[in-house]
Amino acid sequence: MLDKNGIAQRIAQELQDGYYVNLGIGIPTLVANYIPENINVEFQSENGVLGMGPFPFEGDENADLINAGKQTITTMPGAVFFDSATSFAMIRGQHVQLTVLGAMEVSQNGDIANWKIPGKMVKGMGGAMDLVASAENIIVAMMHTNKAGESKLLADCTLPLTGVGCVKKVVTNLATLDIKDGAFHLLERAPGVSVEEIVQATAGKLIVPPHVPEMQL
Amino acid sequence: MLDKNGIAQRIAQELQDGYYVNLGIGIPTLVANYIPENINVEFQSENGVLGMGPFPFEGDENADLINAGKQTITTMPGAVFFDSATSFAMIRGQHVQLTVLGAMEVSQNGDIANWKIPGKMVKGMGGAMDLVASAENIIVAMMHTNKAGESKLLADCTLPLTGVGCVKKVVTNLATLDIKDGAFHLLERAPGVSVEEIVQATAGKLIVPPHVPEMQL
Amino acid sequence: MAIKKVVANVEEACRGIESSMTLMLGGFGLCGIPENCISQLVKLGVNDLTCISNNAGVDDFGLGLLLQGRQIRKMISSYVGENDEFERQMLSGELEVDLIPQGSLAERCRAGGAGIPAFFTPAGYGTEVGEGKEVRMFDGKPHILESALTADFAIVKAWKGDEAGNLIYRATARNFNPMMAMAGKITIAEVEELVPLGELDPNEIHTPGIFVQRIFQGNSYEKRIEQRTVRPRN
Amino acid sequence: MAIKKVVANVEEACRGIESSMTLMLGGFGLCGIPENCISQLVKLGVNDLTCISNNAGVDDFGLGLLLQGRQIRKMISSYVGENDEFERQMLSGELEVDLIPQGSLAERCRAGGAGIPAFFTPAGYGTEVGEGKEVRMFDGKPHILESALTADFAIVKAWKGDEAGNLIYRATARNFNPMMAMAGKITIAEVEELVPLGELDPNEIHTPGIFVQRIFQGNSYEKRIEQRTVRPRN
C-alpha cells in the first residue's frame, strides 16, 4: 500500500519532458519532489507564476511571491509572472499538459467531486472547475477509500460535482486506474496490494485484466 | 466656410480636461493641433499607445513606434504601450471619452458609413466598427457634401454601414449639427455660411432653430 | 500632457464610496491586497457592501476586517473561509456568498472592463455553477455562458505607479488587480511607490493609466504572509 | 529547469509548415512583423495559405512577398490593400478576403488562445459584418456573437526573448503579436535578441514562454517604415 508520498512518486512517472504541469493542493504538491532525472518540466501556479522553484531559505520569504496554496516560494531562471486572466487563459486554452488534483469522489464515467460537502462549511472551488473542465490530461491523486472506509471510486458521485467526464486516470494508495468507456480499468496494484483488495475497495464498475502488474517505483 | 483645419479647430472645442481621445485618419488627426490651453488630454492610438507626442525630429524615427496611420511618432512622459486586445478593451469598454472620425455618409438617425464603396477596392474597416459601436461620444468630421456636390447628411445611408445609430454630433465645413430624435439639429453656422446654404446642402431631415449662431473659432 | 490622477491620501481616494455599493478588491489570499483602502473602508463604516474578491481575507486582516464589522452583505469569490467569522456569518445566513470558478471570475472582470458582456467557457458545466445558465456545444464540448462583472469602485494595489495612473505590480501580487482595475466605474490604485511622469518605462507597465481614476501612495504596508514556508539554510 | 524552446535557425523554426495551412502573423502595418519567417515562407513555396494578419504588407515587403508568389488563398484582416498586387488578386477573385473589425480580430485571437470559443461584442452589429451572426441585447444594446480564431502556426516577432520562449516586445511593435502567440497550435517566435535563461526580469515579460513552441534569433532586420513622418530640427 502506498502512502501520500508513494502516490506522488507514482504520478511523477507520468511526467514527460516539456510538460507544463499544474499541481493542486495536498498530495499533488508532493509530485514536485519526484521529477524524473533528465526531463524538464515547469510548474504553473494559477495565481500567476510559471517556473516555481523550491521554498525560500529562512529569512528570504517575499510576501509578494506565493503559490496558489498561499505558500511562500521562489522562482527558477526563466520564470514569468502574469495576471489571473492570463493564467486561466493558459489553463482554459489547454497550454498546460498535465493537471494533478485531489478528489473526494470520482465516478466511473470520469466525473469528479472535490469542492463541496453539503451541510458543511463551503470554502469554494478556487480554480478546480476551470482546471477539470479544460485540461486534456487530468490525474486524480487520492486515497482509495474515505475515513469511514467507503470507496471513493463510485458508479456515480454523491457529492456536488466539480466537473463532468473529465478524469482519465486515478492513482490511489491501492492502485493505478484508467477511466474509459464508463468503467475503471485496473492498470497496476500498489506494492503488496492484491487484486481482491482493490475489487473490495472499488464501488464503481471495475474492469480487471487477467494480469495486473505491481507498480514499479 | 471652413477648411479641414477649421473643422479640426471647431472639434477641438469639444475636448475637455481629462479626456482620452481617439482620432481617426484624415481631418480628425488635425484636432491634435488645436488642444485648448490649460486642459490635459491624452491621445489613444488603437495600434497600442497612449500618450502620443509630436512627430519625431528627422533622424529620430523609430520603426517600432508608430500610430494607427502607420506614421512615425514620439511619446510624452507618462505614455504606455499595450497590445491590440488591451487597446480595444479600452475602446469597447468605454474608457475612451471621445472618438473623432471621418465619414462618407451620416444619416439622420446617427448611422455612419465610412469604410466601403461597393464596386471599388475595399481596404477594410480597421478599428472603425469597434470605435463607432462602443464610443459614447462620437464626433464626425467631414465635408458637408461630396465631390459631386451631393449631401453627405442623408435620411438613410446608401453605402454599407460602419455602425448604427451611433453618431451624436457632426462638424462639417458648413455647420455644427447634433443628431437626435431621428433628425439633424443645426447648432452653428460656419463663418460666412448662411442657414439657407446649409439647408440646401443637407438631404436628411434638418431642424433649424429660430436663431443659429456663427461658430466662434 | 498626461492626465494626472494623483489624490492626496486614502481619504480622498475613497471619497464617494457608499453603503450598498459593489466593490472589486484585488489580491490573492493576502497577497497584493489594498491594505490602506481596506482600513479606510473600516473607518468609513459603509455597510451592505457587495465585495468581488477572489478571497475573503483572514479573521484579523484583509477583508476579514470588513466582515468583523459586518460591513459586507455579499461576497463574490472563488475561495473563502480562511476565517471563523466568515463561516459564522455564512452559516447563519447573515452573509450571502456567490462562489465562482477562479478562471471565470478573472475573465468576467476582464470582460466587464473590455466591453464584452458575455462569453462561453467550459468551466462549471454540469455542476451547480452551470445551473440556469445557457449551455452550448463548441467543438463537441459543452460550454456555459458567463456574463461580465463590473463594480462601482475597483480598488487595486500596485508596487509602483506614476502620476498618470500607470501601474506596475510585483511578482504574484499582480493576480486579479489588472482585470479589476479595468472593471471599475471608478478605479482607485494604492501603490507602494508613487513616481513622477516619465519614470516608468512605457514598455513595462502592466495597467495603463486610462483604467485608473485615482492613485495615491499608501503607507505602513504590513504585507502579511499567510503560509510561511521555508527551507533551512546550509 | 525551464523548458527550452530554442531552434537553430529559421529553417528549423518553420519546419512542418505546409500548403493549405492557416497561419497567424503578428504585426501592424510593417511594424513588428516576422521578417525572417516571411522570407522563409517565400523560400518554402508553400501555397493555398490562409493568413490571419491585421494587414497584408506592401507590394515588396511583409505579406506582399507571399502575395507576389500567389501563396495566399485567403486573407483574414481588418485593413488591407496598401499594395497593387493585392488589389489585382482580390478583384480578379484569385484571393479571398475576410474583413473583420480590428478589435474583434484581436479579441478573437485572444479567445482562441484562452479557450473561450465565443463572445459577444457590439462591433459590427447592423453592418455586413453582423450578417448571419447571432444578435443579443445586453443592457439595451445589440451585440453579435463572434467566435475564436486559432491557427496551425502562429508566427510572431519580439524584441527580446529567452531560451524558455518568454518574450518582450518593443513599443508599438507589440500590437497583435501577444494574442497570436496564444492562439497557434505551434507558435514560432523570432526575436532580435535571444538571451539566456534568467536574463529577463520575470515581471517584465509580455508573452509567457508557455505559449511559444519554437524561438530563434532572427537576423538582417530591415524594419521598414511605412509612413516616415518627421518634423525638421532647427
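In what follows, every chain begins at residue 1, and chains take the letters A, B, ... in the order their sequences are listed. Just the heavy atoms: all of them, side chains too, but no hydrogens, waters or symmetry mates, feed the values below.
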Strictly distance-based, threshold 3.5 Å: is any side-chain N or O of [X] a donor or acceptor partner for the main-chain N or O of [Y]?
X: Thr172(D); Y: Gly48(B); answer: no
X: Lys141(D); Y: Ala133(B); answer: yes
X: Asp130(B); Y: Gln102(D); answer: yes

Give, as side chain, backbone, both or neither, the part of [X] having an atom under 4.5 angstrom from any heavy atom of chain D.
X: Thr162(B); value: backbone
X: Val122(B); value: both
X: Ala89(B); value: neither

Whatever's closer than 4.5 Å to a heavy atom in chain B on Leu105(D) counts as neither
Need one label for Phe86(D): side chain, backbone, both or neither, based on atoms under 4.5 Å from any heavy atom in chain B.
side chain
Under the side-chain contact (heavy atoms from CB on, under 4.5 Å) test, which residues partner Thr145(B), sequence neighbours left out?
Ala201(B)
Working to the nearest 0.5 angstrom, can you tell me the gap between Cys109(D) SG and Asp83(B) CG?
11.0 Å
Report yes if some heavy atom in the side chain of Thr72(B) is under 4.5 Å from a heavy atom in the side chain of Glu226(D); otherwise report no.
no
Could you walk me through whether Asp64(B) and Glu192(D) pass side-chain contact (heavy atoms from CB on, under 4.5 Å), step by step?
CA-CA 12 Å; Asp64(B) 291 330; Glu192(D) 291 181 54; 4.2 Å; yes
Is the cationic atom of Arg174(D) (NZ for Lys, CZ for Arg) positioned less than 6.0 Å from the six-membered ring centroid of Phe82(B) and within 45 degrees of its normal?
no
Only pairs at least two apart or in different chains count here, so list each salt bridge (Lys or Arg N to Asp or Glu O under 4.0 Å) that has a residue in residues 50-63 of chain B.
Asp60(B)-Arg233(D), Glu61(B)-Arg228(D)
